[in-house]
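Notes follow the structure.
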Amino acid sequence: MIELRGVAKRYGETVALHPTDLAVARGETVALLGTSGGGKSTVLRTVLRLVLPDTGTVTVDGTTVSDATAEAVRRQTGYVIQGGGLFPHLTARDNAGLLPRHL
């Protein structure tokens, strides 16, 4: 399970992510939809602790994601960046099939 509780992020005066609560059960598929700058990538980056949230906590399978646990979480996670991270000769389904299915 991936859980965010009150996770928020600002860059100066710019709000990248308003306080957010989210729970995704193991095996559940979730799509984050929204406009550019709406916080979708920030949510994913905070789960992997590539970005430190200003407030809130992130847990993965009951473990709070921290500096000490982030590497282990990252090793279990498939993360494809927008655009250049996909193989252009494959369909979206084929690209997704290359990702680990641990979470």
Side-chain angles (χ1 to χ4, degrees):
M1 171 177 258
I2 299 171
E3 188 171 7
L4 284 70
R5 291 189 191 151
V7 173
K9 181 66 181 173
R10 296 177 77 101
Y11 295 99
E13 295 297 315
T14 303
V15 176
L17 182 64
H18 290 279
T20 300
D21 296 325
L22 175 68
V24 181
R26 180 175 286 281
E28 183 177 11
T29 300
V30 174
L32 300 176
L33 302 175
T35 60
S36 180
K40 303 175 299 295
S41 293
T42 301
V43 166
L44 297 174
R45 289 181 183 132
T46 58
V47 169
L48 298 175
R49 204 161 175 91
L50 299 172
V51 167
L52 302 179
D54 296 328
T55 63
T57 59
V58 176
T59 59
V60 175
D61 289 336
T63 300
T64 299
V65 181
S66 65
D67 290 340
T69 62
E71 185 175 341
V73 170
R74 291 176 193 149
R75 289 181 185 271
Q76 299 178 58
T77 306
Y79 174 67
V80 179
I81 61 170
Q82 183 174 318
L86 301 176
F87 294 104
H89 65 287
L90 297 177
T91 65
R93 181 181 304 275
D94 291 338
N95 270 285
L98 297 174
L99 301 176
R101 300 199 184 265
H102 300 311
L103 294 179

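Heavy-atom basis, side chains included; hydrogens, waters and symmetry copies ignored.
K9 places no side-chain N or O within donor-acceptor distance of the main-chain N or O of V51, the cut-off being under 3.5 Å. Side chain of K40 to backbone of A31: no donor-acceptor contact under 3.5 angstrom is found.
Under the 4.5 Å side-chain heavy-atom criterion for Ile, Leu, Val, Met, Phe, Trp and Tyr, L22 and V58 are members of the same hydrophobic cluster.
Listed here is the closest heavy atom pair of T57 and V7: O-CG2, 3.4 Å. Of all heavy-atom pairs spanning M1 and A23, the tightest one is CE-CB, 4.2 Å.
Atom CD1 of I2 is separated from atom OG1 of T59 by 9.0 Å, given to the nearest 0.5 angstrom. If you take CG on L4 and OG1 on T46, they are separated by 5.0 Å, rounding to the nearest 0.5 Å. In this structure, CG in L44 is found 9.5 Å from CG in L50, a value given to the nearest 0.5 Å.
V60 has its side chain out of reach of Q76: every pair of non-hydrogen atoms, C-beta onward, lies at least 4.5 Å apart.
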Side-chain donor-acceptor pairs of residues 10-20 under 3.5 Å, sequence neighbours excluded:
unit_1: R10; atom_1: NH2; unit_2: E13; atom_2: O; d: 3.2
unit_1: T20; atom_1: OG1; unit_2: H18; atom_2: O; d: 2.6

Under 3.5 Å, which donor-acceptor pairs link side chains of residues 66-74 to any protein atom two or more places apart or in another chain?
unit_1: S66; atom_1: OG; unit_2: A68; atom_2: N; d: 3.3
unit_1: S66; atom_1: OG; unit_2: T69; atom_2: N; d: 3.4
unit_1: S66; atom_1: OG; unit_2: T69; atom_2: OG1; d: 3.4
unit_1: D67; atom_1: OD1; unit_2: R49; atom_2: NE; d: 2.9
unit_1: T69; atom_1: OG1; unit_2: T64; atom_2: O; d: 2.8
unit_1: T69; atom_1: OG1; unit_2: S66; atom_2: N; d: 2.8
unit_1: E71; atom_1: OE2; unit_2: R75; atom_2: NE; d: 3.2
unit_1: E71; atom_1: OE2; unit_2: R75; atom_2: NH2; d: 2.5
unit_1: R74; atom_1: NE; unit_2: L48; atom_2: O; d: 2.8
unit_1: R74; atom_1: NH2; unit_2: L48; atom_2: O; d: 3.2
unit_1: R74; atom_1: NH2; unit_2: R49; atom_2: O; d: 2.9

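Taking the charged nitrogens against the carboxylate oxygens, E3 and R5 do have a contact shorter than 4.0 Å, which makes a salt bridge.
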